[in-house]
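Step one of this worksheet: look at the structure below.
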Amino acid sequence: MKSKNQSILRRRRPQLLAVMSGIILFAILLVATQCSRPTPQQLPVVRLNIVTWPGYGPIYLAKNKGFFKEEGIEVDCQIQENTQARHSALISGEIDLIGITLESVILASAQGIPMQVIGVTDISNGGDGIVARKEINSIADLKGKRVAFPEGQPSHLFLLYQLNKAGLSVGDIKPVFTDDAGKAGELFAAGQVDAAVTWEPWLSQVVKTGKGQVLVDSKGVKDILVGILAGHRDRIPAETDKLQRFLRGWYRGLQYASEHPDESIPIMADGFQLPPEEFKSIMQGLRFISKDEAKSMLGADGSKGSFYDITQYEGQLWQKAKVMQNPVDPDLVYTNRIISGVK
C-alpha cells in the first residue's frame, strides 16, 4: 500500500509540471526580450599618441570635463616617446593621431611615412633653449664646442635655426647626441659638455644652480617648434567627421583652461603625472594657438597658409644639415580639410 505522501505527490504532479513549464517559458521570454533590446550605441574612438609636453594638456582636460563625449566621441590618449613606435602605430592603424611638432612630420614625410598635419596646438615660447658655460656668450662662441642635443628631434632643429642665423652650420660644432632634450640637460649639468639644447625645467635649473646660462630660448620664435596633431594621410578623408569632433572637443578644453586655470591645471598636470606647480611653470614656456590662428596657419580660407612657408623653411634646415636628402612637398605635410569644418 502506497503512503499518503506518494498519493498527494501523484495528484499534484500535473500542477507542478504546469508551474515549471510556466517558469521555463517566462525565463525564455525574459532572455529573448533582453537580447532584443537595443544596446547603447558605442561612440567612435579617437586614439592618439602624444609626447610629454604641456601643450597637449587640454586633451586630458576635455576628456575629464566630458567635452569629447558631448561631441560624440571617446578619446584614448597615451604618452609615447619613442618615434619609431609612434610611426608604427600610425601606419598600422592602431592610432588615429600623433601629437608632436611640425619638423617631425617633415622628416617622417621624407622617409615615406604618409603623416599629415590636421591641427595646430601650440608653439614653444621660451620652453626650449640652449644652455652654455658662462664664458660662452653667443651662438658664434659655440664654434668648436661640445654641444649636446637629440638628433632629428625638435631641439636639433632649434639648434640648426640658431646656427644658421649666426652663419654657422652643425659642422662647426662638436655634436654630442642624446636620447632626448632632458638627457642633454643632464650632460650639461654634469659638466660633460660645453652647451646643450634642452627644455624646461633644465633651463631654469641651470640658472638657479649657477652652473651656466641660457644662451638663447624659443621666446618669440614664430616658425620653429610648432606643436601639431597629425594623422595618416590616406585615412584622413574617411575619418573627417571623427577628427572634426575631436578638434571641437579640443577647443572646448582650450577655452575652459583659459577661463578656469586654477581648476584646469591640476587636471592637466595629472594627465602627465606631474606636480601642478611644475606643470604650470613649464606651461609658461608655450603659447596655445587659437582656432582662428590655426585656421589661418593651415589655410582654411583656401590659401596656402603660413604653414607652407614654415614647412619649406624647416625642410631646408634639415636638408642643409643632411638629415634628409630631398625636399618635401608642403602640400603633403598638412591639410586644411579637417580644420575648415570646425566651427
- Any chance the side chains of S155 and Q153 put a donor and an acceptor closer than 3.5 Å?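 Result is no, nothing qualifies.
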
- Are side-chain N/O atoms of D292 and S290 paired as donor and acceptor at under 3.5 Å?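 No donor-acceptor contact under 3.5 Å links the two side chains.
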
Atom [atom1] of [X] and atom [atom2] of [Y]: how far apart are they, to the nearest 0.5 Å?
X: L160; Y: Q319; atom1: CG; atom2: CD; result: 12.5 Å
X: K222; Y: I310; atom1: NZ; atom2: CD1; result: 10.5 Å
X: M268; Y: F279; atom1: CE; atom2: CZ; result: 4.5 Å
X: N49; Y: D76; atom1: CG; atom2: CG; result: 8.5 Å
X: L247; Y: R252; atom1: CG; atom2: CZ; result: 13.5 Å
X: I50; Y: I95; atom1: CD1; atom2: CD1; result: 11.0 Å

- For residues 106-128, pull every pair meeting side chain to side chain donor-acceptor pair (under 3.5 Å), keeping only residues two or more places apart or in separate chains.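 Non-adjacent pairs meeting side chain to side chain donor-acceptor pair (under 3.5 Å): W53-D122, S124-D128, S124-S218.
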
- Ionic contact status for R146 with D194, cut-off 4.0 Å: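 Here D194 pairs with R146 in a salt bridge, since their nearest N and O are under 4.0 Å apart.
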
- Task: Measure up the F177 and H156 rings against each other and bin them: parallel (under 30°), tilted (30 to 60°), perpendicular (over 60°).
- Result: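 If you compare the ring of F177 with that of H156, the planes turn out tilted.
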
At their closest point, which heavy atom of [X] faces which heavy atom of [Y], and how far apart are they?
X: V46; Y: D96; result: CA-OD2, 3.4 Å
X: A132; Y: L215; result: CB-CD2, 4.3 Å
X: V214; Y: L203; result: CG2-O, 3.8 Å

- Message: The criterion is side chain to side chain donor-acceptor pair (under 3.5 Å); which residues satisfy it with S204, sequence neighbours excluded?
- Response: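 Here the qualifying residues are E200.
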
- Query: Going by the salt bridge (Lys or Arg N to Asp or Glu O under 4.0 Å) test, which pairs reach into residues 333-343, not counting sequence neighbours?
  - Reply: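 Pairs touching residues 333-343 that pass the test: none.
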
- Would you mind telling me which of D309, N336, D331 makes a side chain to side chain donor-acceptor pair (under 3.5 Å) with K304?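 Only match with K304 under side chain to side chain donor-acceptor pair (under 3.5 Å): D331.
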
- Between F158 and F149, is the gap from one ring center to the other below 6.0 Å?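 Ring centroids of F158 and F149 are no less than 6.0 Å from each other.
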
- Query: Does V105 reach the side chain of E314, with side-chain heavy atoms less than 4.5 Å apart?
  - Reply: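 Of all side-chain heavy-atom pairs linking E314 with V105, none is under 4.5 Å.
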
- Do M283 and F272 belong together in a cluster built from hydrophobic side chains that touch within less than 4.5 Å?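 Yes: a chain of side-chain contacts under 4.5 Å links M283 to F272.
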
